[in-house]
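Data first, discussion second: the structure below is written as structure tokens.
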Amino acid sequence: MDGFSRLHPSVLLLYFLAALIAVLSFNNPVISAVSLICAVIYSFARGGKSAVKSIGFSLIVIIAVSLFNMLFAHYGNTVLFTFNKTEFTLEALFYGFNQGMVAASSLLWFTAMGKILSSEKTVYLFRYTPRLALLFSMIIGFIPRFFKKQRDIREARLALNSGNAPKGFKERLQASAGDLSALASYALEGSIITANSMEARGYNPSVIRRGRFRFKAQDAALLVIILALFVFVLIQKLIGNLSFVFEPDIYIERLSLPAVFAFLVFGLIPSFIDFKEALLWKLSGSKA
């Protein structure tokens, strides 16, 4: 059972924004690692086997960013090897590793947010700005359909050419331009159909029933916990208790263990709520 996604949309949005702000702005490998671990745990809790692909992609991102930074940024005192009079350092590799963890963690949190904040919840959150809500919710739903249609167009083109892929740069460029033109036509046609359909049905986001999402005592309690943990960690960062030095040497300047523990608790909130929900569900089933 997924208990976290049934919380009030405002609590969900605030949590994901806080998680993303922390991992993107703190620039501390300990915080980055904790955020990545919590995101991976929640991905497994929600996605099961599908989470393996996301984790595999995250590993590729971490490795790619680490190597890219080491190859093109040269700073630090610990030289790993020298090639063509260019020194490649551990500090550059480690900083890239941290940035890779930040990118992978952000990707996993964004993926979870996309699955939990449905179009209905998005429209509800931005109900006072209907046009923005409509645009945002349509973009969320349109992106996966856009990529699927692109694959369909490419497969159709290959089928018309008896499965022969274009050869040479010029042919590939012409084929890509043709695919893009067909995809743009599909997008424009789909937008017109959607607009006419919504107008015919009398769509008006301002009349969404507020009773669909009620702010309960559980939401209020969790909101207080989320804000308290995030503000505590943020204050520790601002006063310098989460300082990490990447160059010219790698070392921890100051590290507040209570802040790391608070951020760990913060990151595990979704997984804990889902685990508690699943446990209660199994216990109720065994009693029946």
Side-chain angles (χ1 to χ4, degrees), residues 2 4-5 7 9-48 50-70 72-73 92-119 121-122 125-126 136-137 139-144 146-147 226-227 229-234 236-238 242-244 246 259-274:
D2 186 7
F4 185 70
S5 63
L7 294 173
S10 60
V11 178
L12 297 175
L13 180 62
L14 178 65
Y15 177 82
F16 285 117
L17 288 179
L20 290 169
I21 290 173
V23 71
L24 290 172
S25 61
F26 284 4
N27 198 28
N28 186 301
V30 178
I31 296 297
S32 302
V34 171
S35 178
L36 180 60
I37 292 172
C38 294
V40 167
I41 293 174
Y42 188 54
S43 296
F44 268 109
R46 279 194 54 84
S50 62
V52 177
K53 295 182 180 180
S54 299
I55 294 170
F57 181 74
S58 300
L59 291 175
I60 295 175
V61 170
I62 293 174
I63 295 173
V65 174
S66 301
L67 294 177
F68 183 87
N69 193 73
M70 183 186 68
F72 294 96
L93 178 65
F94 188 77
Y95 185 79
F97 178 75
N98 175 64
Q99 296 304 107
M101 288 194 297
V102 170
S105 176
S106 302
L107 173 66
L108 293 176
W109 285 125
F110 267 119
T111 302
M113 183 173 66
K115 291 181 179 179
I116 290 179
L117 287 178
S118 61
S119 299
K121 293 178 181 177
T122 304
L125 286 170
F126 298 96
F136 190 61
S137 61
I139 289 175
I140 290 177
F142 183 72
I143 290 175
F146 192 82
F147 283 107
I226 290 173
L227 289 176
L229 292 172
F230 177 73
V231 170
F232 174 73
V233 178
L234 181 62
Q236 294 300 309
K237 171 63 179 178
L238 294 177
L242 290 173
S243 301
F244 194 93
F246 291 94
V260 175
F261 179 75
F263 188 72
L264 176 63
V265 174
F266 172 86
L268 291 176
I269 285 177
S271 302
F272 175 77
I273 293 176
D274 285 357

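All values below come from the heavy atoms of this structure, side chains included, with hydrogens, waters and symmetry mates left out. If you read the sequence from its start, that first residue is 1, and numbering goes on from there.
- Checking side-chain atoms of Lys237 against main-chain N and O of Ala22 turns up no donor-acceptor pair under 3.5 Å.
- Of the listed residues (Val260, Asn28, Leu268), just one forms a side-chain contact (heavy atoms from CB on, under 4.5 Å) with Val34, and that residue is Val260.
- Summarising the geometry, atom CG belonging to Leu229 is positioned 5.5 Å from atom CD1 belonging to Ile269; distances are rounded to the nearest 0.5 Å.
- Here Leu108 contributes atom CG and Cys38 contributes atom SG; the two are 11.5 Å apart, rounded to the nearest 0.5 Å.
- Met101 contributes atom CE, which lies 12.0 Å from atom CG of Leu59 (distance to the nearest 0.5 angstrom).
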Margin query: Ile116 vs Lys121, test: side-chain contact (heavy atoms from CB on, under 4.5 Å). Steps then yes/no.
Written below: CA-CA 9 Å; Ile116 290 179; Lys121 293 178 181 177; 4.1 Å; yes

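- Contact of the Leu242 side chain with the Val233 side chain is registered, since non-hydrogen atoms from C-beta on lie closer than 4.5 Å.
- Here the CZ-CD distance, from Phe68 to Gln99, works out to 12.5 Å after rounding to the nearest 0.5 Å.
- When every heavy atom of Val23 is checked against every heavy atom of Ser105, the shortest pair comes out as CG2-OG, 3.8 Å.
- Phe244 has its side chain out of reach of Asn98: every pair of non-hydrogen atoms, C-beta onward, lies at least 4.5 Å apart.
- Of the inter-residue distances, the one linking Leu14 atom CG with Leu227 atom CG reads 5.0 Å to the nearest 0.5 angstrom.
- Open room surrounds CZ on Phe272; 12 or fewer heavy atoms of other groups in view lie less than 6.0 Å from it.
- When all heavy atoms of Ala104 and Val61 are compared, the closest pair comes out as N-CG1, 4.4 Å.
- Below 30°, between 30° and 60°, or above 60°: for Phe16 and Phe4 the angle between ring planes is above 60°, a perpendicular geometry.
- In plain terms, the two heavy atoms of Phe230 and Ala18 that are nearest each other are CE1-O, 3.4 Å.
- When atom types are taken as modelled, the side chain of Ser35 and the backbone of Ile31 share no donor-acceptor pair closer than 3.5 angstrom.
- Annotation for Val65 and Gly100: closest pair CG1-N, 3.7 Å, computed over non-hydrogen atoms.
- Side chains of Val30 and Phe263 form no contact here, defined as non-hydrogen atoms less than 4.5 Å apart.
- Remark: Lys115 NZ to Ser5 OG distance equals 12.0 Å, nearest 0.5 Å.
- Ring pair Phe266/Tyr15: centre-to-centre distance below 6.0 Å.
- Under a 3.5 Å cut-off, the side chain of Asn69 and the backbone N or O of Phe97 do not form any donor-acceptor pair.
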Next item on the list: Report the C-alpha separation of Ile21 and Leu234 in whole Å, then their side-chain angles, then the decisive distance to 0.1 Å, and conclude whether the side-chain contact (heavy atoms from CB on, under 4.5 Å) test is met.
Entry: CA-CA 10 Å; Ile21 290 173; Leu234 181 62; over 6 Å; no

